[in-house]
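Scope of the values below: all heavy atoms of this structure, side chains included, with no hydrogens, waters or symmetry mates. Throughout, a chain's letter reflects where its sequence line sits, starting with A, and its residues are numbered from 1.
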2 protein chains.
Amino acid sequence: MNALIDILRKNGIQPTPQRLEVAKFVLATQSHPTADQVLKEVLKRCPTVSRATVYNTLNLLVDKGLIASRTLKEGAVVFDPRTQRHHHLIDTETGIIHDIPWESVDVREPEICEGFEVEDYHVVLRGRKK
Amino acid sequence: MNALIDILRKNGIQPTPQRLEVAKFVLATQSHPTADQVLKEVLKRCPTVSRATVYNTLNLLVDKGLIASRTLKEGAVVFDPRTQRHHHLIDTETGIIHDIPWESVDVREPEICEGFEVEDYHVVLRGRKK
DNA sequence: CATGCAGTCTAGACTAGTTCTAAACTGGGA
DNA sequence: TCCCAGTTTAGAACTAGTCTAGACTGCATG
Ligand SMILES: [Mn+2]
Ligand SMILES: [Mn+2]
Ligand SMILES: [Zn+2]
Ligand SMILES: [Zn+2]
């Protein structure tokens, strides 16, 4: 927990109890939760936290680069503590979003997109459990 | 216009004036419009069309496979008349979504995602005009 | 021509994700 | 103790999208 306080302080985020609960959950999760899922989780330990604070904290963590927000799901942004480059596989049955290591997929020469300078790219896969 | 009527009929869609206006625009567009952008466009030629009809028609066209709906933009689904496989490049300055031909990006061995059978994939690139 | 009917269209209500607002709270300095 | 900047809160507001209930359309039948 003190390590978490240090992380927030180092990134210019004043560590309040509410922010610590949000960060503790979203930085450790293995899934890609929506803001609402983060709220539900944080409410278990901090029953008075407001939706606005959860949104504010998530956006703050995104702005500081501690998490990423991704548009992989229809209807709601999802948050992702893995900010290193990786791909995503969406289970077409459950909707669960899985992380795929960067090296698992080999993308060649994506820079050749006429007239554009490519800054970033990632692969979105769809599939189901074998 | 008669060709359009035939396309709708062949796909089991009764061609009404409202549906024809929606289809005429969305099947011919070079962009990736949101439902609201389609509504604004159709209102120019069919000033009494309702939002419900535009949504219903777009969903009908998606269900019949004539267009695709894509989650590439935060906050709203976009529609795409190009249903063949291709990639997308999002201009980070303007937000405009460009189509990238399938052959322009070479993705190798994406099937190797442990435990999953990959049904489909595409690359999402971000960049800006050179 | 009159009636009926299935399918369609419309306005507006409703839901859900997200942001905004304004007031209350908090916790270190003067 | 008082102040003040920063934070939190409840709820309003906004927006994308769906749903509902009634009106409309146009063909089929008597
Ligand atoms: Mn933001
Ligand atoms: Mn749909
Ligand atoms: Zn991820
Ligand atoms: Zn496209």
J.: Establish, yes or no, whether a centroid distance under 6.0 Å links the rings of A:His32 and A:Phe79.
T.: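 No, the ring of A:His32 stays outside the 6.0 Å limit from the ring of A:Phe79, centre to centre.
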J.: Looking across every strand, which nucleic acid part, if any, lies under 4.0 Å from B:Arg19 by heavy atom: base, sugar-phosphate, or nothing?
T.: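 Sugar-phosphate, backbone atoms only, no base.
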J.: Whole angstrom is fine here: how far is it from CG in B:Leu43 over to P in C:dA11?
T.: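 Roughly 10 Å, once rounded to whole Å.
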J.: Between B:Phe79 (CZ) and D:dA16 (P), how many Å, whole number?
T.: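 B:Phe79 atom CZ is separated from D:dA16 atom P by 12 Å.
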J.: Choose from D:dG17, C:dT10, D:dT9 the nucleotide whose nearest atom is closest to any side-chain atom of A:Gln18.
T.: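 Shortest atom-to-atom distance from the side chain points to D:dT9.
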J.: Can you tell which of C:dT8, D:dT9, C:dT10 lies closest to the side chain of A:Val49?
T.: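 It is D:dT9.
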J.: So which nucleotide from C:dT18, C:dC9, D:dG6 ends up closest to the side chain of A:Gln14?
T.: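 Minimum distance to the A:Gln14 side chain belongs to D:dG6.
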J.: When you measure from the side chain of A:Thr16, which nucleotide among D:dT9, C:dT10, D:dT7 comes out closest?
T.: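 Of the candidates, D:dT7 comes closest.
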J.: Taking atom C1' of C:dT18 as reference, at what distance in whole Å does atom CG of A:Leu58 sit?
T.: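 Atom-to-atom, A:Leu58 to C:dT18, this comes out as 12 Å.
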J.: Flag the pair A:Lys129 and A:Asp91 as a salt bridge only when some basic side-chain nitrogen lies within less than 4.0 angstrom of an acidic carboxylate oxygen.
T.: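 So A:Lys129 does not pair with A:Asp91 through a salt bridge.
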J.: For D:dG17, take OP1 and OP2 only and decide whether either is under 4.0 Å from a side-chain N or O of B:Asn59.
T.: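 For D:dG17, OP1/OP2 do not have a side-chain N/O of B:Asn59 under 4.0 Å.
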J.: Does B:Thr53 place a side-chain N or O at less than 4.0 Å from the phosphate oxygens OP1/OP2 of C:dT10?
T.: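 So the side-chain polar atoms of B:Thr53 do come within 4.0 Å of the phosphate oxygens OP1 or OP2 of C:dT10, strictly under.
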J.: Pick the closest DNA chain C nucleotide for A:Ala76 and for B:Cys46 by heavy atoms, then say which residue is nearer the 5' end.
T.: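 Closest to the 5' end, via its nearest nucleotide, is B:Cys46.
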J.: Find which nucleotide of DNA chain C each of B:Glu74 and B:Asn56 is nearest to by heavy atoms, and output the residue with the more 5' nucleotide.
T.: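 Going by which nucleotide is closer to the 5' end, it is B:Asn56.
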J.: What closest approach, in Å, do A:Ile67 and A:Leu58 show between heavy atoms, and which atom pair accounts for it?
T.: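 So the minimum-distance heavy-atom pair works out to CD1-O, 3.8 Å.
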J.: In this structure, how many angstroms lie between the P atom of D:dT15 and the CD atom of B:Gln37, rounded?
T.: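 It is 15 Å, rounded to the nearest whole Å.
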J.: Taking CD1 from A:Ile13 and C1' from D:dA5, how many angstroms apart are they, rounded to a whole number?
T.: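 It works out to 18 Å between those atoms.
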J.: CG of A:Asp36 versus P of C:dT15: gap in Å, rounded?
T.: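 Checked: the CG to P distance equals 16 Å.
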J.: With respect to the phosphate group of D:dA16, does any side-chain polar atom (N or O) of B:Thr34 fall under 4.0 Å of OP1 or OP2?
T.: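 No, B:Thr34 has no side-chain N/O under 4.0 Å of OP1/OP2 on D:dA16.
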J.: Rounded to whole Å, how long is the line connecting atom CZ of B:Arg51 with atom C1' of D:dC19?
T.: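 Computing the B:Arg51:CZ to D:dC19:C1' distance gives 12 Å.
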J.: What integer distance in Å separates B:Tyr55:OH from C:dA16:P?
T.: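 Nearest whole value for this atom pair: 16 Å.
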J.: Can you measure from CZ (B:Phe25) to OG (B:Ser31) and round to the nearest 0.5 angstrom?
T.: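 Going from CZ on B:Phe25 over to OG on B:Ser31, the span is 5.5 Å.
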J.: B:Ala52 has a side chain; which of D:dG17, D:dT9, D:dC19 sits nearest to it?
T.: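 Closest nucleotide to the B:Ala52 side chain: D:dC19.
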J.: Does B:Tyr121 have B:Arg85 sitting over its ring (NZ/CZ under 6.0 Å from centre, angle to axis within 45°)?
T.: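 Yes, a cation-pi geometry holds between B:Arg85 and B:Tyr121.
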